[in-house]
Amino acid sequence: MRRRPTANLIPEQMEKSMVRSHGTRLCFLVSLSAMFWFLLFYFHFSILGNGTIDESSLRLETSPLQSVSVEPNKVSKSYPFMRALRTVDNKSDPCGGRYIYVHDLPPKFNEEMLKECKSLSLWTNMCKFTSNAGLGPPLENVEGVFSNTGWYATNQFAVDVIFSNRMKQYECVTQDSSIAAAVFVPFYAGLDISRYLWGYNISVRDAASVELVDWLVKRPEWSVMGGKDHFLVAGRITWDFRRLSEFNSDWGNKLLFLPEARNMSMLVVESSPWNANDFAVPYPTYFHPAKDSEVFTWQDRMMKLERPWLFSFAGAPRPDNPKSIRGQLIEQCKSSKVGKLLECDFGESKCHSPSSIMQMFQSSLFCLQPQGDSYTRRSAFDSMLAGCIPVFFHPGSAYTQYTWHLPRNYSRYSVFIPEDDIRKKNISIETRLSQISAEEVKRMREEVISLIPGLIYADPRSRLETLKDAFDVSVQAIIDKVTKLRKDIVAGRTDDNFVEENSWKYELLEEGQREVGAHEWDPFFSKPKDANADTSGSSAEVAKKSWKNEQRDQN
């Protein structure tokens, strides 16, 4: 049995005993502290620090948007985007949940293209159209059709430059990517492909796109969500970026088919109904206001105009396309006393005059907007800017395209006449439109004019104060999309039933809906064998026809 020390120990023994006891306690405390920090770091990095995102969760990017709140007590993992997600709840920060991080790309992906502007198009000298931050040269208001300021001869494919310059005025750009709601890639994808569509092999056409994604994946910002928080803008139709094969004879490049690009969101002036990685934004019009007052003044003016023509059409026939209804629309305009026509074909044409086009739209109640060479055409936005009620003949021309910018209830602002009613039934457009009451026409025109701010791009060198233009609407939609995806990942929500071929249907779902079924527009979007275009022809042919139209416009 061990005996306890007595009070009779000599002083030297007591001192040695105290030193040994103190040293033992000190070693014990050091060991305990080391163990504590070891366990803390182990828990942090092994449990909380696991930022790997499950691929099944990432598929949620294509599910319909809806408002979802994160329940903190259900969060068991910490993701790299958590700091950015928490800024949404910071009510004291006006940019909370709205920050955009902009990649500083090498100049060859954007600015150097502008320096070589003469090579950007085979038929058009793009140098004048890339001036004034992408707006082009100012338009003189000689005939009094425009306002005295804010009007430019803007090229229909200039969105790349306009959007990037508008981003420079965005109030919530951040240098701290950890708080960014989304990441912008200022690559001039549309200008890039326009240089090489004719006479170049696929290696040249693909080079910049492949190099871009190679640059992006090496960036730390990419690893946060594998690029699913990234977006870029290409001011051309989606078919220019969806080459189906590796044959030089096939059209376009393969940007939108690159695995990395399929993670990103790409804003184009016409999207694919069957793919989930592209989203349609408006074609640019001629009007780019620098102040809210310029918009209000224009809207008031459009409401008060006298409109002597019941309907009008600006366009050329498509004799090489037997399914086109343009020839019949032209004939109906010519034979009607209340119809107005501007024929657009080779040679001199008033269709190439912004003043003539806008003057006709301003004097018409309804503006016919059939398919262009592809589903969409710029004319639809020019006509709505003029306060003219658009008449569409295919849902792919607007209703399934610009779901961020136009009401889902299309009857509020437009008239829909199925193509077959013109093609097979030879329905009278004059009779159909005459049946709409004056009160209903007035209501629809008011709706169209109210939509104008969200359909135009403000002057990139300034910023509107209270109005949201097409840029603002698009950026907010991307932010909402990424934020929802992040919340779903955190909450463990998946959408295993998502079918990408039905992408156009998901965009039309109402708030809270997640499943799609049969739709009245199914016949318009029957999937062809080439998996890319509608039954009127392949995507390559559609894109080539679009380029033929560009050539026509320059001759």
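What you see is a predicted model; the values in this text were computed from it and never measured.
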Check Arg408 with Glu510, please: is the shortest side-chain N to carboxylate O separation under 4.0 Å?
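Answer for the salt bridge query: no.
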For the residue pair [X] and [Y], establish whether any side-chain heavy-atom pair is separated by less than 4.5 Å.
X      : Y      : answer
Glu270 : Trp239 : yes
Ser178 : Tyr101 : no
Ser164 : Asn110 : no
His405 : Val281 : yes
Thr376 : Val269 : no

Correct closest heavy-atom pair for Asp192 and Ala208 would be OD1-CB, 3.4 Å
Would you say that more than 12 heavy atoms from the other residues, nucleotides or ligands in this model lie under 6.0 Å from the CD of Glu465, or not?
no
- Message: Other residues, nucleotides and ligands only: do more than 12 of their heavy atoms fall within 6.0 Å of CG on Asp104?
- Response: no
Would you say the ring centroid of [X] lies under 6.0 angstrom from that of [Y]?
X      : Y      : value
Phe392 : His394 : no
Phe279 : Phe231 : no
Phe184 : Tyr170 : no

Hey, which of Asn132, Thr154, Thr149 is the one that makes side-chain hydrogen bond (donor to acceptor under 3.5 Å, both in side chains) with His288?
->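 For His288, the side-chain hydrogen bond (donor to acceptor under 3.5 Å, both in side chains) test succeeds with only one of Asn132, Thr154, Thr149, which is Thr154.
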Checklist entry - Honestly, is Arg378 close enough over Phe157, meaning NZ or CZ under 6.0 Å from the six-membered ring centre and within 45° of the axis? => result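 No, a cation-pi geometry is absent between Arg378 and Phe157.
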| task | May I ask you to check if Arg205 and Tyr200 form a cation-pi contact, with NZ or CZ under 6.0 angstrom from the six-membered ring centre and within 45° of the axis? | result |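 Cation-pi check for Arg205 and Tyr200: fails.
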Is there a donor-acceptor contact under 3.5 Å linking the side chains of [X] and [Y]?
X      : Y      : answer
Asp292 : Thr466 : yes
Gln401 : Ser271 : yes
Gln369 : Ser379 : yes
Ser414 : Tyr399 : yes
Asn275 : Arg262 : no
Gln476 : Asp480 : yes
Tyr99  : Asp93  : yes

Using a 3.5 Å distance criterion without hydrogens, assess whether the side chain of [X] forms a donor-acceptor pair with backbone atoms of [Y].
X      : Y      : result
Arg243 : Gly252 : yes
Asp278 : Thr238 : no
Thr87  : Gly97  : yes
Ser119 : Glu116 : yes
Gln359 : Ser355 : no
Tyr457 : Pro282 : yes

Sorted by chain and residue number, the ring-ring contact (aromatic ring centres under 6.0 Å, His included) partners of Phe187 (sequence neighbours excluded) come out as Phe109
